[in-house]
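None of the values given here were measured: they were computed from a predicted structure.
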Amino acid sequence: LFKTVGFRRATVHDIAERAGVSPATIYNHFGSKEGLVRDVVKRLMLDTTEKYWAIMDGDRPFLERLELIVFDKEELSRQYDGELVQAVASSDPEIQQLAEYLYGQATERMVTFFEEGRTLGYVNPELSREAVLTYLDILRKGILAHADLFAEPEKNAQLVRELSSLYLYGLLGKRDASP
């Protein structure tokens, strides 16, 4: 239900009806609709992280894995009526703590992944580990600072696609599939 109508428009009554329970059960278990949303966002963050780690560790070609991750994030941002990125960017301390923890856990995996890309000739060999990590952190913080881009996913779809392309290919445009 959250995925189709978003967090704001889904009512506790609708959620309970879909789940086959009473609204009181939702309140007893989660405390509030906000508590349920928090739990859903945290589960999505964990599941998405596991999915991206599986992609990074997979056996597909490097560029294909990188594109899968970048363009999946674009698709994920459109789901949940564009509210998922806003929820992650919220000031909710539990979500922020989990986001920081997951980002810290992902740092070494991302470095290893980009080192593989460097070895294969896809990542500029002149870029230091520090530069790559700083770039990724700037992008992460920039997206969170502009979570409003995802408030109207259909209206901003082209802009989000362009930003994803910039993230992946830089200002020079898409490189050939071979290094």
Side-chain angles (χ1 to χ4, degrees), residues 1-57 66 68-111 113-114 132-164 166-168:
L1 189 60
F2 286 149
K3 201 176 219 179
T4 57
V5 303
F7 298 127
R8 284 186 207 101
R9 285 191 289 211
T11 67
V12 171
H13 180 271
D14 294 338
I15 295 164
E17 188 176 293
R18 257 268 172 121
V21 300
S22 72
T25 302
I26 302 289
Y27 287 114
N28 288 337
H29 190 72
F30 297 101
S32 65
K33 179 181 165 187
E34 291 74 24
L36 172 60
V37 169
R38 181 183 306 110
D39 280 11
V40 168
V41 169
K42 287 167 48 177
R43 173 65 2 213
L44 285 167
M45 291 168 65
L46 290 166
D47 291 348
T48 301
T49 300
E50 288 178 22
K51 176 181 175 181
Y52 293 161
W53 288 352
I55 291 170
M56 280 190 253
D57 295 340
L66 183 58
L68 279 170
I69 292 168
V70 170
F71 291 111
D72 182 72
K73 287 182 180 184
E74 176 187 326
E75 176 59 30
L76 193 60
S77 71
R78 282 197 297 266
Q79 295 175 356
Y80 302 92
D81 203 31
E83 296 175 279
L84 181 59
V85 174
Q86 292 174 318
V88 172
S90 76
S91 58
D92 184 302
E94 285 185 52
I95 292 175
Q96 290 307 304
Q97 183 178 12
L98 179 60
E100 289 304 316
Y101 170 78
L102 292 175
Y103 185 74
Q105 294 293 306
T107 300
E108 281 308 312
R109 286 185 99 110
M110 289 187 295
V111 168
F113 183 63
F114 283 107
V132 170
L133 288 175
T134 301
Y135 175 70
L136 292 173
D137 193 49
I138 289 168
L139 290 173
R140 177 180 69 97
K141 289 177 180 172
I143 286 172
L144 293 177
H146 291 282
D148 56 311
L149 284 173
F150 305 97
E152 297 179 63
E154 295 311 315
K155 178 182 171 193
N156 294 318
Q158 180 61 32
L159 178 58
V160 170
R161 260 192 304 284
E162 290 174 23
L163 292 171
S164 295
L166 271 172
Y167 169 80
L168 188 56

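Taken to the nearest 0.5 Å, the CZ atom of F114 stands 8.5 Å off from the OH atom of Y135. Between L102 atom CG and W53 atom CH2 the span is 6.5 Å, to the nearest 0.5 Å. T11 contributes atom OG1, which lies 7.0 Å from atom NZ of K33 (distance to the nearest 0.5 angstrom). Once rounded to the nearest 0.5 Å, the distance linking CG of D92 with CZ of R38 reads 4.5 Å. A distance of 5.0 Å separates CD1 in I15 from CG in L36, rounded to the nearest 0.5 Å. Once rounded to the nearest 0.5 Å, the distance linking CZ of F2 with CG of D14 reads 10.0 Å.
S22 and A16 make their closest contact through C-CB, 3.6 Å (heavy atoms, listed as atom of the first residue, atom of the second, distance). Here the closest non-hydrogen pair linking R9 and V5 is NE-O, 3.1 Å. Nearest heavy atoms, L136 versus M110: CD1-SD, 3.9 Å.
Around CD of Q96, the count of heavy atoms belonging to other residues, nucleotides or ligands within 6.0 Å exceeds 12. Counting heavy atoms of neighbouring residues, nucleotides and ligands inside a 6.0 Å radius, atom CZ of R18 does not exceed 12 of them. Heavy atoms from other residues, nucleotides or ligands lying under 6.0 Å from CZ of F30 number more than 12.
A search for salt bridge (charged side-chain N to carboxylate O under 4.0 Å, His left out) contacts involving K42 returns E94, not counting sequence neighbours. Under the side-chain hydrogen bond (donor to acceptor under 3.5 Å, both in side chains) criterion, D57 pairs with R109, sequence neighbours left out.
At a threshold of 4.0 Å, the pair D137-K141 counts as salt-bridged, since one of the basic side-chain nitrogens sits closer than that to a carboxylate oxygen.
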Problem set entry | Derivation and outcome, side chain to side chain contact (heavy atoms under 4.5 Å, CB included), residues L98 and L46 | CA-CA 9 Å; L98 179 60; L46 290 166; 4.0 Å; yes
Exercise. Does the pair E162 and L166 meet the rule for a side chain to side chain contact (heavy atoms under 4.5 Å, CB included), with working shown?
Worked result: CA-CA 6 Å; E162 290 174 23; L166 271 172; 5.8 Å; no
Problem set entry | K51/D72 under side chain to side chain contact (heavy atoms under 4.5 Å, CB included): CA gap, chis, key distance, verdict | CA-CA 10 Å; K51 176 181 175 181; D72 182 72; 2.8 Å; yes
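Taking the side chain as every heavy atom from C-beta outward, V41 and M45 approach each other to under 4.5 Å.
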